[in-house]
Peer 1: 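I'd like to ask some things about the structure below.
Every value quoted in this text rests on a predicted model; they were computed, and no experiment measured them. Quick note: numbers below take in every heavy atom, side chains included, and nothing from hydrogens, waters or symmetry partners.
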Amino acid sequence: MAVKLFAAIDVGSFDLELSIYEISEKSGIRQVDQIRHMMALGRDTYHDGKISYEMVDEMCQILRDFVDIMRSYKVSEYRAYATSAMREAKNNQIVLDQIRVRTGLDVQIISNSEQRFISYKAIAYKEAEFNKIIQKGTAIVEVGFGSMQISLFDKAALISTQNLLLGVLRMGEMSSHLQMDRHMKNTLIEEMVDNELLTFRKMYLKDREIKHLIATGELILYLSRVVVGGKADKITASDFRAFYEKVLPMTSDQVEEIFGVNRDYGALLIPAAIIYSRVLELTGAEMFWVPGIRLCDGIAAEYAEETGAFRFRHDFTEDIVAASRNMAKRYKCHGPHIGFIEKQVLQIFDSMKKYHGMGARERLLLRIASILHACGKFIGMKSPAQSAYNIIMSTEIIGLSHMEREIIANVVLYNGEEFNYNQVILSDDMFRDGKGQMTYSDLTILIAKLTAILRLANAMDRSHKQKLADCRVAVRNGQLVVNTSYGGDITLESAAFENKADFFEEIFGIRPVLKQKRRLS
């Protein structure tokens, strides 16, 4: 691969950023330029729920300047992503259309889980330090303008991520109408943070030991420059505590002078320091690693991976699977049954490659659906499929878009309910997701295909005793033949299998057949 010039654009809650990168197989990723324009887009969204016309006009002017800069560099490809401020704005589609018409840029709104996954790839690009740190209990913490994210590792796998509405700009808007002095405002922020973090600790940390925190985002970069003077990328807990005690009583003028920022930005740094301090106390971590990455770095890493310019040693797909398994465990899913179903859906999927027309990403969605298909029973036995749908749609899964999560939720729903091609539950967001131009019909057919496979695999363990654990699956003479040598009674599995065979045949045009090979006595 020759050297490519690639541009990444981040339409964030507090600023617009353009970064230009050289990307090649030989040299990897090298940033050659960076331009940032401070603009509190989130102030409109978090206060009024919409982005004002004046803000749209300013944004389009800046983005036009970005386009001119990209042309001057002769950039070959770009990606432009918008995050929480645009994501939560009620008029976001009108704003995106204005940007497209007035600048020619196609800006995609990404889900929170996609945003964090992209940033995660930028951290993982620093492979040597990253792989060393995550061997012990680790959490990635990003305090942003709209929210904060805490992602947990277990044995080098990213297993859980939670988004908390504790962004510094959002909290500022929430408290802007209150008349109070600086000390009272800091106390209020501490109480708001503690309320959310204590709930997080009870639900997700429990006995988990956190030794290291990986701190990302723009705010920690400013804080770390003062804590360690820009001389290191690691901050010990004791150094941060000493810094925190020093900075907390500072006036606005002192903050602006010490950090070298304007008043608007300076007003956000103390709340950020409060949040990082509370996270440090909550987890008992020994140090922060500040890798110095921004979202644009993650966008470049994602592009380099997809184009083959860089190959990560870390398996990100397994992170998504591990997070799903951790979710299934939280909802008390039957482990042996889940493991069996996961194995069988993959057997069926792989044996049907010539017939279903799906790829690796759909295989992953099916795998996750198999892991989560029974989580609704935790809520109640009366309508477990509907409960499972609600759980999946209410839970963030790292690395999945809203569209993908909705596909999984529908597959799990129709695994337990009658499939109706005209009543598949799809939100409008499905069609605005930047990953493709799938119509309602396309998505319905995809959901039907995945549902048919999951139903058949689930029927193969109707007794939850894994009787068909030795089975082999193959397409022969227009049939999907499932062979087992199990010598006992499989009446329950056979009846369930036959019951699900009609829908499978309806979708794929291939009849599934279960054959039991009798052992000679």
Peer 1: Could you verify whether a donor N or O on one side chain and an acceptor N or O on the other, from D106 and Y78, lie under 3.5 Å apart?
Peer 2: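 The answer is no; no qualifying pair exists.
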
Peer 1: Report the C-alpha distance between E302 and K121 in whole Å, list the side-chain angles of each, state the deciding distance to 0.1 Å, and finish with yes or no for salt bridge (Lys or Arg N to Asp or Glu O under 4.0 Å).
Peer 2: CA-CA 7 Å; E302 177 191 60; K121 287 187 176 182; 5.3 Å; no

Peer 1: Scan side-chain atoms only and decide if Y303 and E77 contain a donor-acceptor pair under the 3.5 Å cut-off.
Peer 2: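 Note: Y303 and E77 side chains meet the donor-acceptor criterion.
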
Peer 1: Which pair of heavy atoms, one from F200 and one from L152, lies closest together, and at what distance?
Peer 2: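 Answer, listing the atom of F200 first, then L152: CZ-CD1, 4.1 Å.
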
Peer 1: Does some side-chain heavy atom of S351 sit less than 4.5 Å from a side-chain heavy atom of L480?
Peer 2: yes

Peer 1: Please lay out, stage by stage, how R294 and D10 fare under the test salt bridge (Lys or Arg N to Asp or Glu O under 4.0 Å).
Peer 2: CA-CA 9 Å; R294 296 180 171 87; D10 172 17; over 6 Å; no

Peer 1: Would you please name every residue forming a side-chain hydrogen bond (donor to acceptor under 3.5 Å, both in side chains) with Q347, sequence neighbours left out?
Peer 2: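 Scan of Q347 (side-chain hydrogen bond (donor to acceptor under 3.5 Å, both in side chains), adjacent residues dropped) gives Q344.
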
Peer 1: Answer yes or no: is there an ion pair linking D461 with K467, defined by an N-O contact shorter than 4.0 Å?
Peer 2: no

Peer 1: Assess whether salt bridge (Lys or Arg N to Asp or Glu O under 4.0 Å) is satisfied between R511 and E506, documenting all intermediate values.
Peer 2: CA-CA 9 Å; R511 185 76 183 179; E506 176 185 324; over 6 Å; no

Peer 1: State which residue, out of L446, I447, L454, fulfils the side chain to side chain contact (heavy atoms under 4.5 Å, CB included) condition with L450.
Peer 2: L446

Peer 1: Decide yes or no for F419 and R455: does some side-chain heavy atom of the first lie under 4.5 Å from some side-chain heavy atom of the second?
Peer 2: yes

Peer 1: Does a donor on one side chain and an acceptor on the other come within less than 3.5 Å for N163 and E396?
Peer 2: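 Not at all, the side chains of N163 and E396 share no donor-acceptor pair under 3.5 Å.
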
Peer 1: Just how far is it from atom CE of M358 to atom CG of L364, taken to the nearest 0.5 Å?
Peer 2: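 Between M358 CE and L364 CG, I get 12.5 Å after rounding to 0.5 Å.
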
Peer 1: Taking all heavy atoms of L18 and all of I9, pick out the closest pair and write down the distance.
Peer 2: CD1-CG1, 3.7 Å

Peer 1: For S463, what residues pass the side-chain hydrogen bond (donor to acceptor under 3.5 Å, both in side chains) criterion, not counting sequence neighbours?
Peer 2: E493

Peer 1: One thing to verify: whether R325 and E342 come together as a salt bridge, which I'm taking to mean a side-chain N less than 4.0 angstrom from a carboxylate O.
Peer 2: yes

Peer 1: Would you mind checking if R361 and E404 are paired as a salt bridge, meaning a charged N to carboxylate O distance below 4.0 Å?
Peer 2: yes

Peer 1: Measure up the H337 and H334 rings against each other and bin them: parallel (under 30°), tilted (30 to 60°), perpendicular (over 60°).
Peer 2: parallel

Peer 1: Hey, is E114 close enough to R79 for a salt bridge, meaning N to O under 4.0 Å?
Peer 2: no

Peer 1: Between I140 and I150, is there a side-chain heavy-atom distance shorter than 4.5 Å?
Peer 2: no

Peer 1: Between N415 and H373, is there a side-chain donor-acceptor contact under 3.5 Å, judged purely by atom types and distance?
Peer 2: no

Peer 1: Would you say that E17 contacts V11 through its side chain, given a criterion of any heavy-atom pair below 4.5 Å between the two side chains?
Peer 2: no

Peer 1: Can you tell me how far the CD1 atom of I408 sits from the OG1 atom of T395, to the nearest 0.5 Å?
Peer 2: 11.5 Å

Peer 1: Please report the C-alpha distance between E305 and R311 in whole Å, then the side-chain angles of each, then the deciding distance to 0.1 Å, and finally whether the salt bridge (Lys or Arg N to Asp or Glu O under 4.0 Å) criterion is met.
Peer 2: CA-CA 6 Å; E305 180 192 26; R311 289 177 176 82; over 6 Å; no

Peer 1: State which residue, out of I341, V321, I320, fulfils the side chain to side chain contact (heavy atoms under 4.5 Å, CB included) condition with R367.
Peer 2: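 The single option meeting the side chain to side chain contact (heavy atoms under 4.5 Å, CB included) with R367 is V321.
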
Peer 1: Side chains of S84 and Y46: donor-acceptor distance under 3.5 Å anywhere?
Peer 2: yes

Peer 1: Could you check whether R170 makes a cation-pi contact with F145, meaning its NZ or CZ is under 6.0 Å from the centre of the six-membered ring and within 45° of the ring axis?
Peer 2: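 No; the conditions do not both hold, so R170 does not lie above the ring face of F145.
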
